[in-house]
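Below is one structure, written out as structure tokens; the observations come after it.
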Amino acid sequence: MGVLLRGGTVVSAQGMAELDVLLEGEKVAAVGKGLPAGNAQTVDCTGMLLFPGFIDGHTHFDLEVCGTITADDFSSGSRAALRGGTTMVIDFAAPDKGETLAHGLARWREKAGSGTACDYGFHMTIDGWNGGISHEVGEMMALGVTSFKMYMTYPAMMIPEDDMYRALLRLREVGGIAGVHCENDGVIRALVEEAKKAGQLAPSSHPRTRPAPLEAEAVGHLLRLAQVADVPVIIVHLSSRESMEEVRAARRRGQTVYVETCPQYLLLEDSVYNHPDYIEAAKFVCAPPIRKQEDQNALWEALQNGEIDTVATDHCSFTTAQKRAGRYDFTRIPGGLPSVEHRGVLLYTHGVAAGRISPPALCRVLSENPAKLYGCWPRKGVIAPGSDGDIVVYDPAADGVISASSQAQRADYTPYEGWKTVGSIAQVYLRGQLAVDHGEILETQGQFIPRGKNQL
């Protein structure tokens, strides 16, 4: 039996219209006015906004960081994602240095196993380069892993710039695309050494040792490499005004550059690191760090202007006890924030309801653009006949409050504790099946989604 969502407002990146949506099996069967119900179960969606299922292109589930494992594995993380309207995540398969890409992919496929509640895909991390890896890049593309990740910091994962250049050339050849973590590793290490020598070991040293100019310098450096390689790239978790200026300069040169930012850079500012309680401050340690109000304002402006393509989470969750590992040394604090569950309501509340962006713009950065960028459009990212029945039913009138006590993600805190939301998510459908009903997570089984080339 199908499901007919009656009387809601269907949102696309191009606009909004009051339309019925018929789900049959795993797909959208029809979209239109006054659709006959037939044998379908009718659900009254009057007053609701119907978004395509959100896609989070940047999560870290079951990842080892600073000698500990993230609080969320694929089971808990995917359930939290669904509760927040995210019907597909793209995580990072990360082989250790010296391992093959195939080994890394197999390990992450095993981690996801049969316990992932939402649909999922993988980016493949490249941390070195040789003939074997070059060959494997083509094999990954054939397997539907068409996006890759490279780091300009973190010794365990960073790639030398000559190898990065060779990797970019290979991606141009096969039609893949790279997302890059941009920070100047050498200067960061020098600043950390200075802070330690001065006995400045509190979390407040974290943003001082990873300042915005070092992100901007790395962004500019990468974009010049990409210019010579003549290949598009993605700047992941861009956090600062200065980095956005580097992107604009590259675009003026005619380069294709895609930009991802995250809720923490749109909504938080760096005073969080000055909390008198060390552990409370440690909860906000992530990289790049949370920036200043001026950076926050600049990112909202870029979002309004369509200069930011996607808003992902970089979800990398730890408990308070895990954050406590860095009590006497800020460099030992496992970096990352939990937010996969709250991205949608936060962006609706502080974007749409605040008058900063429209519902179609929200759809663009949470659904359509990530589907196109990561090669799963039009299966994902749109409510249209033939697309997967992934739908977020948003109730603008059902206000809520964010609290760790009621969240599904396993961290015992949220950066947004006590924040009020305008509206909330009423239901979530995953491939035509009701997956979340007024906060209750139902039993679903996610699928690995092979992806094609970038279409954005």
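In what follows, residues are counted from 1 in the order of the sequence shown.
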Quiz prompt | Atom CG of Asn39 with >12 non-hydrogen neighbours under 6.0 angstrom | solution = no
Self-check item: Minimum side-chain heavy-atom gap Met140-Thr146 below 4.5 Å
Solution: no
Self-check item: Given Lys292, Gln296, Gln293, the one that forms side chain to side chain donor-acceptor pair (under 3.5 Å) with Asp270
Solution: Lys292
Quiz item: Can you check whether Ile391 reaches Val428 side chain to side chain, under 4.5 Å on heavy atoms?
Solution: no
Practice problem: Please answer whether the main-chain N or O of Ala404 pairs with a side-chain N or O of Glu417 as donor and acceptor at a distance below 3.5 Å. | Solution: yes
Exercise. Report yes if some heavy atom in the side chain of Pro263 is under 4.5 Å from a heavy atom in the side chain of Leu347; otherwise report no.
Key: yes
Exercise. Without swapping roles, check the side chain of Arg410 against the backbone of Ser76 for a donor-acceptor pair under 3.5 Å.
Key: no
Quiz item: When the ring centroid of His342 is compared with that of Tyr416, is the distance short of 6.0 Å?
Solution: no
Practice problem: Could you tell me whether a side-chain N or O of Asp295 sits under 3.5 Å from a main-chain N or O of Ala298, the two making a donor and an acceptor? | Solution: no
Practice problem: Run the ring-centre check on His275 versus Phe284 and record whether the distance is less than 6.0 Å. | Solution: no
Quiz prompt | Side chains of Asp91 and Thr59, donor plus acceptor under 3.5 Å | solution = yes
Practice problem: Report the distance from atom CD1 of Ile425 to atom OG1 of Thr86, rounding to the nearest 0.5 Å. | Solution: 7.5 Å
Exercise. Mark yes or no for whether Thr421, through its side chain, and Val345, through its backbone, hold a donor-acceptor pair below 3.5 Å.
Key: no
Quiz item: Do Asp399 and Lys420 sit within salt-bridge range, that is, some charged N less than 4.0 Å from a carboxylate O?
Solution: no
Quiz prompt | Phe122 six-ring face occupied by Arg109 cation (under 6.0 Å, within 45°) | solution = no
Quiz prompt | No-hydrogen, no-angle side-chain donor-acceptor test under 3.5 Å, Asp437 and Gln427 | solution = yes
Quiz item: Quick one: CD on Glu64 to OG1 on Thr68, what's the gap to the nearest 0.5 Å?
Solution: 8.0 Å
Quiz item: Which atom pair, heavy atoms only, marks the closest approach of Arg431 to Gln445?
Solution: NH2-O, 2.6 Å
Quiz prompt | Interatomic spacing from OG in Ser75 to NZ in Lys111 - rounded to 0.5 Å | solution = 14.0 Å
Quiz item: Hey, does the side chain of Thr70 reach the backbone of Ser317 with a donor-acceptor pair shorter than 3.5 angstrom?
Solution: no
Quiz item: Is there a side-chain contact between Val3 and Leu5, using heavy atoms and a 4.5 Å cut-off?
Solution: yes
Practice problem: Would you name the heavy atoms of Ala287 and Asp314 that are closest together and state the gap between them? | Solution: O-OD2, 4.0 Å
Quiz item: Would a distance-only check, ignoring hydrogens and angles, find a side-chain to backbone donor-acceptor pair under 3.5 Å from Asn369 to Val365?
Solution: no
Quiz prompt | Full working for salt bridge (Lys or Arg N to Asp or Glu O under 4.0 Å) between Arg107 and Glu110 | solution = CA-CA 5 Å; Arg107 192 145 51 95; Glu110 184 179 0; over 6 Å; no
Quiz item: Taking atom types as modelled, is there a side-chain donor on Thr46 or Asp44 under 3.5 Å from an acceptor on the other?
Solution: yes
Practice problem: Kindly say whether His58 contributes a backbone atom to a donor-acceptor pair with the side chain of Asp56 at under 3.5 angstrom? | Solution: yes
Exercise. Drop me the distance from Arg451's CZ to Cys376's SG, to the nearest 0.5 angstrom.
Key: 7.0 Å
Quiz item: Could you give the distance from CD (Glu183) to OG1 (Thr153), rounded to the nearest 0.5 Å?
Solution: 5.5 Å
Quiz item: Can you name the closest pair of heavy atoms from Val65 and Cys316 and give their distance?
Solution: CG2-SG, 4.4 Å
Quiz prompt | Non-hydrogen atoms of Ala117 and Leu430 that approach each other most closely | solution = O-CD2, 3.2 Å
Quiz item: Going by distance alone, is a donor N or O of one side chain under 3.5 Å from an acceptor N or O of the other, for Glu269 and Ser271?
Solution: yes
Quiz item: Thinking salt bridges, do Glu440 and Arg83 make one under a 4.0 Å N-O criterion?
Solution: no
Quiz prompt | Any donor-acceptor pair under 3.5 Å from Glu280 side chain to Tyr273 backbone | solution = no
Practice problem: Run through Cys363, Ser387, Ser367 and flag the one making a side-chain contact (heavy atoms from CB on, under 4.5 Å) with Val382. | Solution: Ser387
Quiz item: If you measure from the Lys or Arg side-chain nitrogens to the Asp or Glu carboxylate oxygens, is any gap between Asp309 and Arg251 under 4.0 Å?
Solution: yes
Quiz prompt | CD1-CG distance between Ile126 and Leu171, expressed to the nearest 0.5 angstrom | solution = 5.5 Å
Practice problem: Spell out, as yes or no, whether a donor-acceptor pair under 3.5 Å connects the side chain of Asp395 to the backbone of Ser424. | Solution: no
Practice problem: Report the C-alpha distance between His123 and Phe148 in whole Å, list the side-chain angles of each, state the deciding distance to 0.1 Å, and finish with yes or no for ring pair (Phe, Tyr, Trp, His ring centres under 6.0 Å). | Solution: CA-CA 5 Å; His123 310 286; Phe148 300 80; 9.1 Å; no
Self-check item: Minimum heavy-atom distance between Ala312 and Arg343, given as atom pair plus value
Solution: CA-NH1, 4.1 Å
Quiz item: Parallel, tilted or perpendicular for His315 and Phe61, by the 30°/60° rule?
Solution: perpendicular
Self-check item: Pairwise side-chain contact, Phe92 with Trp108, heavy-atom cut-off 4.5 Å (strictly under)
Solution: no
Self-check item: Heavy-atom check, side chain of Lys380 versus side chain of Pro52, under 4.5 Å
Solution: no
Practice problem: Start with the C-alpha gap between Asn454 and Tyr258, add the side-chain angles, then the distance that decides, and say whether side chain to side chain donor-acceptor pair (under 3.5 Å) holds. | Solution: CA-CA 11 Å; Asn454 166 34; Tyr258 302 103; 3.0 Å; yes
Quiz prompt | salt bridge (Lys or Arg N to Asp or Glu O under 4.0 Å) between Arg241 and Glu245, worked out | solution = CA-CA 6 Å; Arg241 175 189 58 79; Glu245 289 297 334; 5.3 Å; no
Quiz item: Between the side chains of Ser240 and Ser243, does any donor sit under 3.5 Å from an acceptor?
Solution: yes
Exercise. Could you tell me whether Arg210 and Glu215 make a salt bridge, using a distance below 4.0 angstrom between a side-chain N and a carboxylate O?
Key: no
Quiz item: Of the non-hydrogen atoms in Gln409 and Ser339, which two are nearest, and what is the gap between them?
Solution: OE1-N, 3.9 Å
Exercise. Could you tell me whether the side chain of Val31 reaches within less than 4.5 Å of the side chain of Pro385, counting heavy atoms only?
Key: yes
Quiz item: Name the one of Gln322, Lys323, Arg324 that satisfies side-chain contact (heavy atoms from CB on, under 4.5 Å) with Thr320?
Solution: Arg324
Quiz item: Only one of Val219, Val236, Leu238, Thr310 clears side-chain contact (heavy atoms from CB on, under 4.5 Å) with Val259; which?
Solution: Leu238
Quiz item: Could Asp388 and Lys27 be called an ion pair, given the rule that one side-chain N must be under 4.0 Å from one carboxylate O?
Solution: yes
Quiz item: Would you say the side chain of Leu346 lies within less than 4.5 Å of the side chain of Tyr348, judging by non-hydrogen atoms?
Solution: no
Exercise. Would you check, one step at a time, whether the test salt bridge (Lys or Arg N to Asp or Glu O under 4.0 Å) holds for Glu18 with Lys33?
Key: CA-CA 7 Å; Glu18 188 174 308; Lys33 286 185 175 292; 5.5 Å; no
Quiz item: Could you walk me through whether Trp419 and His350 pass the ring pair (Phe, Tyr, Trp, His ring centres under 6.0 Å) check?
Solution: CA-CA 11 Å; Trp419 287 35; His350 298 277; 5.3 Å; yes
Quiz item: Are the side chain of Glu24 and the backbone of Ala29 linked by a donor-acceptor contact shorter than 3.5 Å?
Solution: no
